[in-house]
Amino acid sequence: MKNIFIKEILKDGQIGQEVKVRGWVRTKRVSKAFAFININDGTTIHNIQAVVDFESIPEEQLKDVNTGACVCISGILVASEGSGQAVEVKAQAVEVYGKADPEKYPLQPKRHSLEFLREIAHLRPRTQTFSAILRIRHALAFAIHKYFNDRGFYYLHTPIITGSDAEGAGEMFRVTTLDMNHPPKNEDGSINYKEDFFGKETNLTVSGQLEGELGAMALSKVYTFGPTFRAENSNTSRHLAEFWMIEPEVAFFELEDNMDLAEDFLQYLVAYAIEHCNDDLKFLDQRNAEEEKQKPQQERSELGLLERLNFVVNNSFVRLTYTDAVEILKNAKKKFQFPVDWGTDLQSEHERYLVEKHFRKPVILTNYPTEIKAFYMKQDEDGKTVRAMDVLFPGIGEIIGGSQREDDYDKLKQRAHAVGIEEESIWWYLETRKFGACPHAGFGLGFERLVLFVTGMSNIRDVIPFPRTPKSAEF
RNA sequence: GCUUCCUUAGCUCAGUAGGUUAGAGCGGCUGGCUGUUAACCAGUAGGUCCUUGGUUCGAAUCCAAGAGGGAGCGCCA
C-alpha cells in the first residue's frame, strides 16, 4: 500500500478501500464496545475518524493512543454511521509510532491561549489554528511567485549579508567572525574591521531594495522575496526582528503604475487565498467570530474575516495625497492624542482613523513631505514632497511602503548627502543613475503583515512558525 | 526605548480589610455507558501559589529586585 495522506483519503478515497491512516491523535472517545479516534496529519484542517471495535481489537491496545500520540491505523474506508463525517476508517490494526504521555503533553483537546501556544512553538503547528495559518502562509508565498512569474517578473536573489549601512531602514544586526572578547584594535582603540571576515563591517540586510533596483536596471521587472532583519527594539504585535519581505522593482514605472501594481497584487493574493484555502479560512472565520463575541460591542469589527477579505478584493483602494489626508484629519471631529500638522509623519491613530473610520476601505497615501521619507524617493516638482506611497490596511496599518525612485544623479546624491549617507558606501547605487538611468518604481510588502490580514490573527508572532522578537529567539 | 497589566494544578481561571487543611471546570487515572463528535455520568489523584530578598506572630495576598508573557506608544514592513 503506497503512502497516502489524510487530505487524499478524504478527497479521493473509495468506500471499501484499504487505507493506512498515519497522524497525530486529536481526541479519543471510548464507550463500552467502541472507541472513536480523531486523527490529523496536517495535510488538511479536517480530521479522519477511526472506529475501533473491541470485538476485533482489544481495548488494551489503545492504552497509548492518547491525545498527541502518533499512530498508524490500518483498516477499511467505510461510510460513517455517525453524522459528523461522511467517511471513517474501520480499524483492523492499531500501531503506535510515538507515545505522548497524557500527564505531560501540553496540548489538550480544548482551547489554549495564543500566548501559551507561543511558549510551545515547537508543538503549536499541531493545533488546528496554527496548521491552518501555516497552510495559508504557504499558499500566499506560492501565490506571490505565481503572480510575478505569470507577469514576466524575474525572481532576484539579493544578498542577506550586506556591507552597506546606508539603507536607512533601521538598526542592523552585525555579522562578524571576530573574537568578541579580544577584537583586533586600531591605534585609536576602535575595532579594526579590516581583519574581519569580509574585511569591512557587515550586517544582515534590512531591505533588498537597493540591489533590487540594480536588477530592474537590467531585467526591467524583478522582485525579491527573502528574509529581512531589523534590530529595532520594537515591542508590538506588528513587528518582528526577522521577517520576510517581497520587493518588486520595475523599470519605466512611475508612481501611478506602482500603485496599480500594489493594488492588483494585494487583491490577487487575497483572492488566491479565498479560492485555495477555503477550508482553513472557514475555520479561522469561525474562530474569529467567537473571539469577536468576547469583545465589548464597540470594539467588534463590523465584518467577519471572510467578509473583510472579499471586501478588499471587490473594492478599489482610495488614493489620496498626504496633503489631502492632513486636511481630512484636521477637520475630523475626533480628538487625537497627537496633533496633525503638515510636515510631520502620521501617527498610527491617524492612519487608523482614515482607514477604519473615514474611508472604511484600504487607502493609498502618496506624495509625503521630503523630510520624513527615505533619500532615494523621487522628488516632486514643487520641491516639497516625494513620490512615495504607503498602502494602509484596516487593523494592520502600513502593509506596503514604496515609491518612484529618484533617477536624477545630482538630486539623489544631494539627498543622500543631506541625510548623512557617505557617497563611497553607495557608489554602486549612484552609478545606475550615471549609466542609463530611467524612471522606475517599486515597493516592499511585509509578508507577515499580509498573512496577518488574511488569517485575521492579531499578533504577528502567530503567523510565522518561529518568531524572533527582542529578548526572544527560542526554538 | 517609554507606559501599563499579568504570572495560583498539565490547561483556563477563582481565591487579598494578611490567618492555620489552597478551590472550580477541563485534562489524567479508575469504573460505568451500544455510534461518539472538545462525548457523557460517578469516583479519585494532582500545587516550590514565577524566583530571590524583606515587612509581620503569621504572606498566594503587602514591599523591593529579578525572570517570563501580554497590551499600548515610538520606529517601521
Side-chain angles (χ1 to χ4, degrees), chain A residues 25-38 46-55 63 66-68 78-85 88 90 100-120 123 127-128 167-171 206-209 227-247 262 337-338 344-349 351-352 372-374 390-393 396-402 443-453 458-462 464 467 469-472 474:
Chain A
V25 175
R26 283 275 164 77
T27 58
K28 177 177 70 169
R29 295 174 294 280
V30 182
S31 63
K32 195 175 187 181
F34 300 97
F36 300 93
I37 303 160
N38 280 14
H46 301 295
N47 302 329
I48 196 162
Q49 172 166 283
V51 185
V52 176
D53 186 336
F54 295 143
E55 279 189 14
K63 187 169 57 73
N66 312 106
T67 299
V78 297
S80 179
E81 289 175 38
S83 58
Q85 56 284 314
E88 63 194 15
K90 195 172 160 58
D101 184 344
E103 290 273 21
K104 304 215 173 101
Y105 187 63
L107 288 173
Q108 306 287 328
K110 60 173 281 189
R111 193 181 195 90
H112 293 288
S113 71
L114 294 169
E115 291 82 5
F116 170 68
L117 293 174
R118 233 168 266 157
E119 289 169 28
I120 51 165
L123 297 172
T127 64
Q128 285 188 292
E167 291 159 42
E171 294 295 312
V206 292
S207 164
Q209 183 203 314
T228 311
F229 308 87
R230 303 271 167 93
E232 300 282 359
N233 193 7
S234 294
N235 296 289
T236 80
S237 53
R238 293 177 299 282
H239 289 85
L240 291 165
E242 176 182 289
F243 63 102
W244 290 69
M245 189 152 67
I246 299 100
E247 296 175 289
Q337 195 188 336
F338 294 90
T344 60
D345 210 352
L346 299 181
Q347 306 288 318
S348 298
E349 58 172 342
E351 296 180 347
R352 270 208 308 275
I372 60 173
K373 286 294 180 183
D390 283 1
V391 181
L392 309 177
F393 259 36
I396 310 288
E398 186 181 343
I399 196 167
I400 277 180
F443 60 79
L445 166 68
F447 184 55
E448 282 75 16
R449 289 190 179 175
L450 172 72
V451 182
L452 255 190
F453 180 75
S458 49
N459 193 313
I460 202 163
R461 292 162 211 175
D462 297 331
I464 186 167
T469 55
K471 302 277 183 293
S472 174
E474 194 69 47

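Chain identifiers are assigned alphabetically (A, B, ...) following the order of the sequence lines, protein sequences preceding nucleic acid strands; residue numbering begins at 1 within each chain.
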Query raised in the report: Using purine N1 to pyrimidine N3 plus N6-O4 or O6-N4 for Watson-Crick, or N1-O2 and O6-N3 for G-U wobble, each under 3.5 Å, what pairs with B:G68?
Result: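 In the structure as shown, B:G68 has B:C6 as its Watson-Crick or wobble partner.
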Is there a donor and acceptor pair closer than 3.5 Å between the side chain of [X] and the base of [N]?
{"X": "A:R29", "N": "B:A38", "value": "no"}
{"X": "A:E88", "N": "B:G35", "value": "yes"}
{"X": "A:S31", "N": "B:C33", "value": "no"}
{"X": "A:R449", "N": "B:C76", "value": "yes"}
{"X": "A:S80", "N": "B:G35", "value": "yes"}
{"X": "A:H112", "N": "B:C11", "value": "no"}
{"X": "A:Q85", "N": "B:U37", "value": "yes"}

Requested in this report: Please determine if a side-chain N or O atom of A:N235 lies less than 4.0 Å away from the OP1 or OP2 oxygen of B:G69.
Outcome: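 Negative; the distance criterion is not met.
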Requested in this report: Output yes when at least one side-chain N/O atom of A:R461 is less than 4.0 Å from OP1 or OP2 of B:G70, else no.
Outcome: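 Indeed, a polar side-chain atom of A:R461 lies that close.
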Mind checking if [X] touches a base, just sugar-phosphate, or nothing, with heavy atoms under 4.0 Å?
{"X": "A:S234", "answer": "base"}
{"X": "A:R118", "answer": "sugar-phosphate"}
{"X": "A:N47", "answer": "nothing"}
{"X": "A:Q49", "answer": "base"}
{"X": "A:T228", "answer": "nothing"}
{"X": "A:F447", "answer": "nothing"}
{"X": "A:G444", "answer": "sugar-phosphate"}
{"X": "A:I396", "answer": "nothing"}
{"X": "A:L240", "answer": "base"}
{"X": "A:E81", "answer": "base"}
{"X": "A:T236", "answer": "base"}

Query raised in the report: Which sits closer to the 5' end of RNA chain B, A:N38 or A:I399, going by the nucleotide each is nearest to?
Result: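 Here A:N38 is the residue nearer the 5' end.
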**Report entry** Nearest-nucleotide comparison on RNA chain B, the residue closer to the 5′ end among A:S458 and A:S348
**Finding:**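 Its nearest nucleotide being more 5', the pick is A:S458.
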Report task. Between B:A22 and B:G46, how far apart are the P atoms? Round to whole Å, please. Result ->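 Roughly 13 Å separates the two P atoms.
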Query raised in the report: Do the side chains of A:L107 and A:I120 get nearer than 4.5 Å, heavy atoms only?
Result: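 In contact.
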